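A short worksheet on the structure shown next.
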There are 2 protein chains.
Amino acid sequence: MIQISFEISNEIHHLLLFCAHKLFNKKLAISITNTGKNFLNHISLDCVIFGFHEGELKVLSLFYESLKLHSLPGGFIGVNESLEEAAQVVLKERTGLDAIFLKQFQVFSDFERSKQNPLVEKITKSNTTINSDFFDQRFITVGFYALVEYTKVNPTPDFISDSCKWVSLNEKIDFILDHSKIINKALQSLREQLNSQPIGYNLLPDKFTMSELRVLYETILGKELDRRNFQRKIMSYNILNKLNERRKGGAHKSPFLFEFNLENYEKALNDGLQGGW
Amino acid sequence: MIQISFEISNEIHHLLLFCAHKLFNKKLAISITNTGKNFLNHISLDCVIFGFHEGELKVLSLFYESLKLHSLPGGFIGVNESLEEAAQVVLKERTGLDAIFLKQFQVFSDFERSKQNPLVEKITKSNTTINSDFFDQRFITVGFYALVEYTKVNPTPDFISDSCKWVSLNEKIDFILDHSKIINKALQSLREQLNSQPIGYNLLPDKFTMSELRVLYETILGKELDRRNFQRKIMSYNILNKLNERRKGGAHKSPFLFEFNLENYEKALNDGLQGGW
DNA sequence: ACTTTAAAGTGTCAATACGACACAATGATA
DNA sequence: TATCATTGTGTCGTATTGACACTTTAAAGT
């Protein structure tokens, strides 16, 4: 009997058994100790993490100095995880936050999409326990968008990226692969779901001014809204509590602060805010 | 030199090479002729194919006599296909139709979801060229909904199902795995996208009456709409052409027929029909 | 042949929502 | 203390909505 030891994923284990069966007619016994984390082949996920700061929508991005390229934070699916669990892990690692608002919005599966991933070489060089076979595969990626409170985030790079930082959607940024396309689709989904997902609640701090909420809406929708009509409409939903408190310190008249009335907000989102049929 | 021949997928080929490398230090040359269609492991897709007939929304379902269970038409992703291409293949096979309206709406990835798939035994028994290893895997499935014109569909079972037929959403049907959940989510997406996707156009025949269109909306939304107000609103979008033609044969006053004005319809959908901000 | 019936075509009206805009109050800054 | 941009709070005319009424029509019933 020969004994050989090396790290191997569940999939390879499974297939080894299969191959052994086919090749050697079951006469080979293979015993493998499984160490390390195993991921499903072919499947990845990418997160478009939105934050709102100084009147701009921003996205958390990893940067690779040597490549001069950005990428979205992403990850793989553990063999015992759901996509959502795997995405929460990514978010926790990049932002330090738990229980982030997360929503999958599209799968990107073009055959061409993961050809020539410039990161593969970096990954395999930086960590010898990872075999390049995993990364050389074709990947189908599930796009998630996440909404976080900008100031609570502690941007943290992963082991192959040089930095992790917020980038504005107005900047021209070079992303790897189809990540620019993924961001555009995420923004489009955000827009479409503005009336059915708790978007305001998750992007703003607990207390905020009416102007801050309005600018958020303007940014997501990409158009200006009349200050007075906006306030009238949003107040008519009964989803905000007006506080007896003002934002001090800024120039000019100090505005009142508001908070979401969570109970009413969730009720309203279930029906969809306003309109249509 | 020993030569062995058997069918094998690209993945297994890849991994065989990897295993050979690890186990035998590259001293084993493996030459494999690849035959048959190869699929990506772990990933499947399921289609909720909606049709509209006699005032009811229906879903195309496969039935397994021996199990007394239904399932959604589904399939796997060829190693050179995108998800959308693979879904079109499934739809073509089950309905006979090309260029069907298709939209992915969610990925279902719960770890527990594909445990004990009652079809695995059936599949492997019915076709000896398929190895059960592929089906024994954990599967993540991408949910698509499709919209088709009921009368154009020629429901066709696949090689393991006994029949393929329309089932009403009002019936209580037992589906395998999480397929009931997938259908509910599909319906919910349909509802949410009623104003941004060409749903009326794809579910109705070219010419239809105002009542037929209204009942479709009522069915999708799950509530009654005022006949007169509905007509006023839908006509205000300028997306319908009123034809100089009536539906004869029914009792009572014969209604006018309408058709979609495709140019205006698509323009209107881009902005979203009506409303909100 | 006449009546019945239920669906279809068309319209009214009050209530509400919406878009556009006016004006006074405020509070740091000059 | 004057300035000025921002905030709070409106108003007004118009467009949209919801609720409902009346007439017309084609097949089915007698």
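All figures in this text were calculated on a predicted structure; none of them were measured in a lab. The chains referred to below are lettered A, B, ... by the order of the sequence lines, with proteins before strands, and numbering in each begins at 1.
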Could you check whether S211(A) gets within reach of a base, just the sugar-phosphate, or nothing at all, counting any heavy atom under 4.0 Å?
-> sugar-phosphate

In whole angstroms, the gap separating P of dT10(C) from CG of D226(B) amounts to 16 Å

In whole Å, what is the span from the CD1 atom of I234(A) to the P atom of dC18(C)?
-> 12 Å

From the options dT26(C), dG19(C), dA8(C), select the nucleotide whose nearest atom is closest to the side chain of K253(B).
-> dA8(C)

Whole-Å distance, F230(A) CZ to dA20(C) C1', equals 18 Å

Just by distance, do the side chain of Q88(B) and the backbone of I100(B) share a donor-acceptor pair under 3.5 Å?
-> yes

Do H252(B) side-chain and dA6(C) base share a donor-acceptor contact under 3.5 Å?
-> yes

dG11(C) base to R232(B) side chain: any donor-acceptor pair below 3.5 Å?
-> no

When the distance from CD of E224(A) to P of dC21(C) is rounded to whole Å, what number comes out?
-> 14 Å

In whole angstroms, the gap separating C1' of dT6(D) from CZ of R214(A) amounts to 10 Å

Is the centre of the Y217(B) ring less than 6.0 Å from the centre of the F230(B) ring?
-> yes

Picking from dG19(C), dG9(C), dC20(D), the nucleotide nearest the side-chain atoms of F256(B) would be dG9(C)

Between A251(B) and L257(A), name the one whose nearest nucleotide on DNA chain D is closer to the 5' end.
-> L257(A)

State whether K242(A) places a side-chain N or O below 4.0 Å from either non-bridging phosphate oxygen (OP1 or OP2) of dT9(D).
-> yes

Check every atom of dA21(D), dC20(D), dT9(D) against the side chain of R227(A) and return the nucleotide holding the closest atom.
-> dT9(D)

Using a distance-only test with no angle check, is there a side-chain donor-acceptor pair under 3.5 angstrom linking H179(A) and S71(A)?
-> no

Distance in angstrom units between Q231(B) CD and dG9(C) C1', rounded | 7 Å

In whole angstrom, give the distance that lies between atom CG of N229(A) and atom C1' of dG10(D).
-> 12 Å

Just list the side-chain donor-acceptor pairs under 3.5 Å for residues 249-261 of chain A, sequence neighbours left out, or say none.
{"residue": "E259(A)", "atom": "OE2", "partner": "N241(A)", "partner atom": "ND2", "Å": "3.3"}
{"residue": "N261(A)", "atom": "OD1", "partner": "E263(A)", "partner atom": "N", "Å": "3.4"}
{"residue": "N261(A)", "atom": "OD1", "partner": "N264(A)", "partner atom": "N", "Å": "3.3"}
{"residue": "N261(A)", "atom": "ND2", "partner": "N241(A)", "partner atom": "OD1", "Å": "3.4"}

What integer distance in Å separates N244(B):CG from dG9(C):P?
-> 13 Å

Report yes or no: is there a donor-acceptor pair, N or O only, under 3.5 Å between the side chain of R228(A) and the base of dG19(C)?
-> no

Side-chain ion pair, D110(A) and K181(A), N-O less than 4.0 Å = yes

Can you check whether K233(A) has a side-chain N or O nearer than 4.0 Å to OP1 or OP2 of dC18(C)?
-> yes

Phosphate oxygens OP1/OP2 of dA26(D): is one of them under 4.0 Å from a side-chain N or O of S254(B)?
-> yes

By nearest-nucleotide position on DNA chain C, the 5'-leaning member of R246(A) and S236(A) is S236(A)

